[in-house]
Protein chains: 2
Amino acid sequence: MSIENANAGRAADVLFRTFADQIRLGQLKEGEALPPEREIVERYGVSRTVAREALQALASRGLIEARPRHRPIVRRPSYEAAFETVGTMIGRLMAKEEGVRALFEMRALIEVALARQAAKMATKTQVIQLEKALEANAQAIDDSAAFYETDRAFHAVFYEIPGNPALEAAHKGYATWLHPQWSIMPRHPQRNKINYEAHAAVFKSVHSGDADAAEDAMRAHMDAAWKQVCKTF
Amino acid sequence: MSIENANAGRAADVLFRTFADQIRLGQLKEGEALPPEREIVERYGVSRTVAREALQALASRGLIEARPRHRPIVRRPSYEAAFETVGTMIGRLMAKEEGVRALFEMRALIEVALARQAAKMATKTQVIQLEKALEANAQAIDDSAAFYETDRAFHAVFYEIPGNPALEAAHKGYATWLHPQWSIMPRHPQRNKINYEAHAAVFKSVHSGDADAAEDAMRAHMDAAWKQVCKTF
DNA sequence: GACCTGTTTTGGTACGACCAAAGTGGAGCC
DNA sequence: GGCTCCACTTTGGTCGTACCAAAACAGGTC
């Protein structure tokens with residue numbers, strides 16, 4: 001590796017930063033393949049070991065997408081990809097109650113705010129969307145697996161209403177990371193019905209444009225859900 | 001690599017998952033060093049290239065902490081570490097206005113909700129903390145660099161009030177990723193004073209327990225801030 | 001007990017070899 | 001002229017060996 005980076009630590013880290021900078025500056029564009037490994041070796045004066053470790057780091061941090069037996073390509077950045085990248089670590093935080101609580105409370109803060117915002121600003125189309133999701137939720141009361149899916153879909157509508165990809169990505173993250181808790185929770189039609197009724201209360205408030213009521217209803221729903229989650233510990 | 005994982009793709013990916021599972025299941029504990037590379041080679045029947053690539057992936061995803069010339073140790077998972085891990089990718093999203101907007105609006109949603117929650121539930125001690133942060137903000141009006149720091153500190157108090165590490169980590173992430181926008185924004189005492197007054201309005205509402213006013217004040221502040229951010233594009 | 005020195009352990013890097021998946025180009029056939 | 005097949009090339013993936021040097025360790029000496 002060139003001498004001018006002697007203070008920069010491992011050669012693989014230096015090469016990682018070199019490529020990360022090229023990606024950030026648009027010198028390597030989305031969808032574009034990186035150079036072949038043997039060319040990287042020649043161009044940057046490193047071994048294939050160093051080249052491969054730098055590429056591995058780029059892939060692990062979601063900057064490039066490795067494809068079997070192909071040169072990796074620069075990945076389109078997205079909030080969803082970002083959440084996927086940290087999934088393994090966040091998953092570890094789910095092993096402890098305080099990790100689950102932190103995530104759950106952050107989710108609750110956001111969903112309460114989204115419900116409030118929806119009550120204020122949801123379009124007629126969006127309210128209909130919510131109503132359809134609620135109807136599917138009602139239909140699934142007796143089928144706990146389907147109920148879970150429609151429950152998740154109902155909450156997802158709130159994240160979609162503002163049209164912000166970061167929120168939509170966050171919801172997918174939350175749903176994925178909190179799923180282990182959900183999957184061990186006892187589910188039966190009576191409990192499903194209670195959850196459905198909480199959803200209906202939120203919907204009713206949104207439909208009537210009552211932001212305070214929407215906030216209170218979603219808050220109550222999340223609080224009750226947390227109590228259920230606590231039973232999984 | 002053992003035959004039973006022949007369908008699992010690259011040997012390095014298989015080994016990555018093996019270690020990730022061991023970490024998740026507590027078989028490798030926080031602070032504990034991973035085995036030496038040469039032992040990994042013997043135990044798992046892979047080459048050092050594969051072992052190093054798996055370790056590189058673990059480090060890049062924040063599961064282990066590599067230390068120069070030392071065996072890596074299992075990293076304590078944290079929301080802060082998770083945000084750091086995706087920093088490079090999120091940084092790329094900041095290269096486009098829609099990426100900045102998505103992150104900013106998510107931040108605004110959260111901070112408005114936090115202001116509202118603070119007005120409802122902040123303790124006397126927390127209100128004093130907020131007041132102190134506001135006072136430091138006032139003192140820094142004529143020094144734009146200091147003003148930025150106190151501005152950030154003032155907002156940080158809202159994230160700290162609920163005592164949720166995920167929120168505190170989120171704030172650090174937002175501040176870091178949105179900093180490039182802030183650093184190219186024109187800053188002068190007059191603008192600083194307007195921002196300070198917006199902070200004062202939020203504080204006043206929190207202090208008097210007026211959740212609606214706190215929400216409106218923080219909403220107005222974030223909307224105005226976004227208009228300033230737009231000037232950087 | 002502290003210090004020094006030699007040895008060992010270990011991460012970091014280099015290099016060459018080989019395998020096999022995937023792509024490419026040319027020849028032959030219809 | 002188009003299609004198919006085959007040989008060759010390109011390239012990622014893995015292996016093994018070698019060497020360097022940072023860091024730790026162990027033993028001896030003061």
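Per chain, numbering begins at 1; letters A, B, ... match sequence-line order. Computed from a predicted model, the values in this text were never measured in an experiment.
Across the protein-nucleic acid pair, A:R10 atom CZ and C:dT10 atom P stand 18 Å apart, rounded to whole Å. As a whole-Å value, the separation of A:E53 CD from C:dG11 P is 12 Å. Atom CG of A:D13 and atom P of C:dG11 are 15 Å apart (whole Å). Computed from coordinates, the A:E42 CD to D:dT10 P distance equals 14 Å when rounded to whole Å. If you measure from atom CZ of A:F16 to atom C1' of C:dT13, you get 19 Å, rounded to the nearest angstrom. Here the P atom of nucleotide C:dA14 and the CD1 atom of A:I40 are 13 Å apart, to the nearest Å. Taking atom CD of A:E37 as the reference point, atom P of D:dT14 lies 11 Å away to the nearest angstrom.
In the set D:dG12, C:dA14, D:dC15, C:dA14 carries the atom at the smallest distance from any side-chain atom of A:S47. Comparing D:dT14, C:dT13, C:dT10 by their closest approach to the side chain of A:A11 singles out C:dT13. The side chain of A:R48 lies closest to D:dG12 when the candidates are D:dG16, C:dT13, D:dG12. Side-chain proximity of A:V50 to C:dG12, D:dT14, C:dT13: nearest is C:dT13.
A residue-by-residue look at A:R38 and A:A12 shows that A:A12 has its nearest nucleotide of DNA chain C further toward the 5' end.
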For this session: Quick one: do B:L55 and B:L15 satisfy side chain to side chain contact (heavy atoms under 4.5 Å, CB included)? Show the steps, please.
Result: CA-CA 9 Å; B:L55 294 176; B:L15 189 58; over 6 Å; no

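The OG atom of A:S60 sits 11.0 Å away from atom CD of A:E53, with the distance rounded to the nearest 0.5 Å.
Counting only distance, with no hydrogens or angles, the side chain of B:E131 and the backbone of B:I128 share no donor-acceptor pair below 3.5 Å. Side chain of A:E65 to main chain of A:R75: no donor-acceptor pair is present (N/O by atom type, distance under 3.5 Å, no hydrogens or angles).
Every pair passing side-chain hydrogen bond (donor to acceptor under 3.5 Å, both in side chains) that includes a residue from residues 164-188 of chain A is listed here, sequence neighbours excluded: A:E80-A:K172.
The shortest distance between the side-chain N/O atoms of B:R52 and the OP1/OP2 oxygens of C:dG12 is below 4.0 Å.
Remark: B:F16 pairs with no residue by the ring-ring contact (aromatic ring centres under 6.0 Å, His included) rule, at least two apart or across chains.
Aromatic ring centroids of B:F19 and B:Y44 lie under 6.0 Å apart.
Residues from residues 63-72 of chain A with heavy atoms under 4.0 angstrom of DNA chain C, sorted by number: A:R69, A:H70.
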